[in-house]
Protein chains: 4
Amino acid sequence: MRAAITLFARKGFDATPVREIADAAGVTTGALYHYFATKEDLLVEVYRQMQGGQRLRMEAIADSDLPLREKLHAIISDVVESTIADLDEAVVFFQSFHLLSPRVREMVRGERRGYHDRVKALIEEGQREGTFRSDVPATLAVSYHFGAVHRLGLWYHPDGPLSAEEVARHFADLTLSSLTP
Amino acid sequence: MRAAITLFARKGFDATPVREIADAAGVTTGALYHYFATKEDLLVEVYRQMQGGQRLRMEAIADSDLPLREKLHAIISDVVESTIADLDEAVVFFQSFHLLSPRVREMVRGERRGYHDRVKALIEEGQREGTFRSDVPATLAVSYHFGAVHRLGLWYHPDGPLSAEEVARHFADLTLSSLTP
Amino acid sequence: MRAAITLFARKGFDATPVREIADAAGVTTGALYHYFATKEDLLVEVYRQMQGGQRLRMEAIADSDLPLREKLHAIISDVVESTIADLDEAVVFFQSFHLLSPRVREMVRGERRGYHDRVKALIEEGQREGTFRSDVPATLAVSYHFGAVHRLGLWYHPDGPLSAEEVARHFADLTLSSLTP
Amino acid sequence: MRAAITLFARKGFDATPVREIADAAGVTTGALYHYFATKEDLLVEVYRQMQGGQRLRMEAIADSDLPLREKLHAIISDVVESTIADLDEAVVFFQSFHLLSPRVREMVRGERRGYHDRVKALIEEGQREGTFRSDVPATLAVSYHFGAVHRLGLWYHPDGPLSAEEVARHFADLTLSSLTP
DNA sequence: AATGAATGAGACTTCATTCAT
DNA sequence: CATGAATGAAGTCTCATTCAT
């Protein structure tokens, strides 16, 4: 799995031969196929792992009784920090989505929509109670801000000047101020 | 070219056989190779076309004598509208970047950095004169907002409830208010 | 033609695209095909040119009234010098023979056999009159000595220490002393 | 390998499709590529096999304490007999040399030069002690005589009037008498 | 006489996957 | 559990040659 993620992130799913993954993992192709029925299964596993955690933590925050603005801030922070923590996974996730088989793709999309909708609901709640501006459709706002997060893997470097926490804070700040009425 | 873009956008670069492009374009593979020495060259052409236009228009706006906030607003609007106008190109652009050969990749990256730096300079100018908040690194703000733009192709649908102009206006609004001190 | 010979000698007949020959000659493929119906025709032309000259000169010597030993010496000298003079042609000649179409191959082979037989007759004449040793089949001797000549192109370099005339003299000397009773 | 050698000898390396080799060997192309990474590797293997044996046997003879003339006689005999024993290999060897990739070509060339130099040293030794004539450069003599050997494959036929041993003896005789002072 | 776009067959090679051992 | 040889389909690209202009 680790080997697969690293290689997928570096060269892309299609461009990575199964043999190479097996070699990098120190096993034979046969052995690999003993555990994963398909090359795609390796990819699916990446999706399962990432989505599970992020969803759970997001829901926990959303269900908490923090004020709305702090909820949103915490959610953004979390998704940024966890994305950076598993940067390769994130790169693969957003880079190889279109290569998934239709069935899996639909599954993942459904799961993401769930995530999206929950956050959208939070924003709409804020719009109703006046915490957030109302002249922007909530769904567009969600797409906007998560779009930014999804591209993190393309420019963030662990050795760069910004720590994961700093990026997380800045992202959350930008999101919140953009939504301030 | 059109055929290639459509197919690349739908199935991905690696997953699209040259034969299929040729068929879609109504020519033979041989004829295709008469004009494009390599499958990659088709991809490169997409990059050249997109970058050229966007860069030119951005510079024109940046060089104009609009107030800073209006400049930024116009730039975001333009990039959103042109991205939506050529949505397939955009999808291919951001989806297949990692499949480019190192040489081309570096070229494209350089061009994008130029774009990025120019916008960054605008924001820094605004930060110095107090138009924009200073507690966020300009470069991070640029990555943040263009990250959002880059993911447009993944969720925007021309038949959806929002017109290109509306998305453009909303995106620009979000960017500006997020940067308001 | 010159371009073709040079390229065939350097890269081999099969490995040289017609396009490259045309480029090197400063014409288009179309123009080339206007003069040579087939790629093979270019090759055939090389054979025609080389064989014609060598055969004529050999016959002239053989028909002269020099003593036998001097005839053989002159023939070997001539073939060595002319081979070196057109080294590229010679390389192509011996390197690409097996790629000729059966018909052409048979033609060339027939011509060569004529050459071979004439020289063989000279040697046999010498064997009968006691000038040359008789314990070696004349035909084998011919193959032996011309075999050596045919490989000239593989090691001789014009910038090397030996001039064409020196090589010619040495080769002829070796041949003659090997045949001395 | 056997299938490859036969086909390369008959039609040439470039003119023999991998598919045909596989068919002749009764395997699939895939299976072939499981053992040989490249078509060229098949060719390289021919070179390795031929050179190894000939070099070893030549050195054994050169290191023996036979008189000089007998050493040379034995070396020529051996190279002729082994060439005839594996005639197809020899044909391929001398016919396809120029198609090897530069790296391999240099390797083979180096090995051959070693062979050449060793024989040259023997002749020079004979020239110093008066066994061989001194008016011919040793290196040229070596090229001359091995040139003859290299062309064996082009005319020798197992069903012809001469046995391998006869050819070997004659070749060795010719070489020796040509070098007699 | 010349162009150069176009063809179509075929070349080498790769690779996900299977399966006997 | 694991191996690794083998498959077979497909993929990218090349190239001699033709032909309308």
Side-chain angles (χ1 to χ4, degrees), chain A residues 4 7 11 13-23 25-43 99 101, chain B residues 4 11-23 25-43 99 101, chain C residues 4 7 11 13-23 25-43 99 101, chain D residues 4 11-23 25-43 99 101:
Chain A
L7 287 167
K11 322 189 354 176
F13 177 76
D14 266 358
T16 305
V18 172
R19 187 79 127 271
E20 213 162 296
I21 301 171
D23 286 355
V27 299
T28 58
T29 2
L32 199 59
Y33 271 90
H34 191 73
Y35 294 101
F36 298 91
T38 289
K39 189 185 177 186
E40 191 185 18
D41 281 6
L42 283 163
L43 194 50
L99 296 174
S101 67
Chain B
K11 322 188 358 175
F13 177 77
D14 266 359
T16 305
V18 171
R19 179 81 130 269
E20 217 160 292
I21 301 170
D23 285 355
V27 298
T28 59
T29 20
L32 201 57
Y33 273 94
H34 189 70
Y35 294 99
F36 299 91
T38 290
K39 190 185 176 187
E40 191 187 16
D41 280 6
L42 283 164
L43 195 48
L99 295 174
S101 66
Chain C
L7 287 167
K11 322 187 357 175
F13 177 76
D14 267 358
T16 305
V18 171
R19 187 78 128 272
E20 212 161 298
I21 300 171
D23 286 355
V27 300
T28 59
T29 1
L32 200 57
Y33 270 90
H34 190 72
Y35 295 100
F36 297 91
T38 289
K39 189 186 178 188
E40 191 186 17
D41 282 5
L42 284 163
L43 194 49
L99 295 174
S101 67
Chain D
K11 321 188 359 175
F13 177 77
D14 265 358
T16 304
V18 171
R19 180 78 130 274
E20 217 162 291
I21 301 171
D23 286 355
V27 299
T28 59
T29 23
L32 201 57
Y33 273 92
H34 188 70
Y35 294 100
F36 299 91
T38 290
K39 190 186 176 187
E40 191 188 16
D41 280 6
L42 283 164
L43 195 49
L99 296 174
S101 66

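- One interatomic measurement links the two molecules: OH of D:Tyr33 to P of E:dT17, which rounds to 22 Å at whole-angstrom precision.
- In this structure, D:Phe36 atom CZ and E:dT14 atom P are separated by 15 Å, rounded to whole Å.
- In the set F:dA16, F:dA2, E:dT7, E:dT7 carries the atom at the smallest distance from any side-chain atom of B:Thr28.
- Residue contacts for B:Thr38: at a heavy-atom cut-off of 4.0 Å it reaches the sugar-phosphate backbone alone, with no base atom in range.
- Between the CD atom of C:Glu40 and the C1' atom of F:dT17 there is a distance of 14 Å, given to the nearest Å.
- If C:Ala37 and D:Arg19 are placed on DNA chain F by their nearest nucleotide, the residue sitting closer to the 5' end is D:Arg19.
- Of all nucleotides listed (F:dT12, F:dA2, F:dA16), F:dA16 comes nearest to the side chain of C:Val18.
- Using a 4.0 Å heavy-atom criterion, one finds that C:Tyr35 contacts the sugar-phosphate atoms exclusively.
- If you check F:dT14, E:dA2, E:dC12 against the side chain of C:Ala31, the one that comes closest is E:dA2.
- A:Glu20 has its CD atom 8 Å from the P atom of E:dC15, to the nearest Å.
- Formation of a donor-acceptor pair under 3.5 Å by the C:Thr38 side chain with backbone atoms of C:Asp41 is not found in this model.
- One can place CD1 of A:Ile21 at 10 Å from P of E:dT17, the figure rounded to the nearest angstrom.
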List the steps and the verdict of side chain to side chain contact (heavy atoms under 4.5 Å, CB included) for B:Tyr33 and B:Val18.
CA-CA 9 Å; B:Tyr33 273 94; B:Val18 171; 3.7 Å; yes

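- With a 3.5 Å ceiling on both atom-pair distances, the Watson-Crick or G-U wobble partner of F:dC19 is E:dG4.
- B:Phe13 approaches B:Lys39 most closely through the heavy-atom pair O-NZ, 2.9 Å.
- Of the listed nucleotides (E:dA11, F:dT12, F:dT17), E:dA11 has the atom at the smallest distance from the side chain of D:Pro17.
- The residue among D:Gly30 and B:Lys39 whose nearest nucleotide of DNA chain F lies closer to the 5′ end is D:Gly30.
- Distance from the side chain of B:His34 is smallest for E:dG4 among the nucleotides E:dG4, E:dT18, F:dA6.
- Remark: P of E:dC12 and CG of C:Asp14 are 11 Å apart, rounded to the nearest angstrom.
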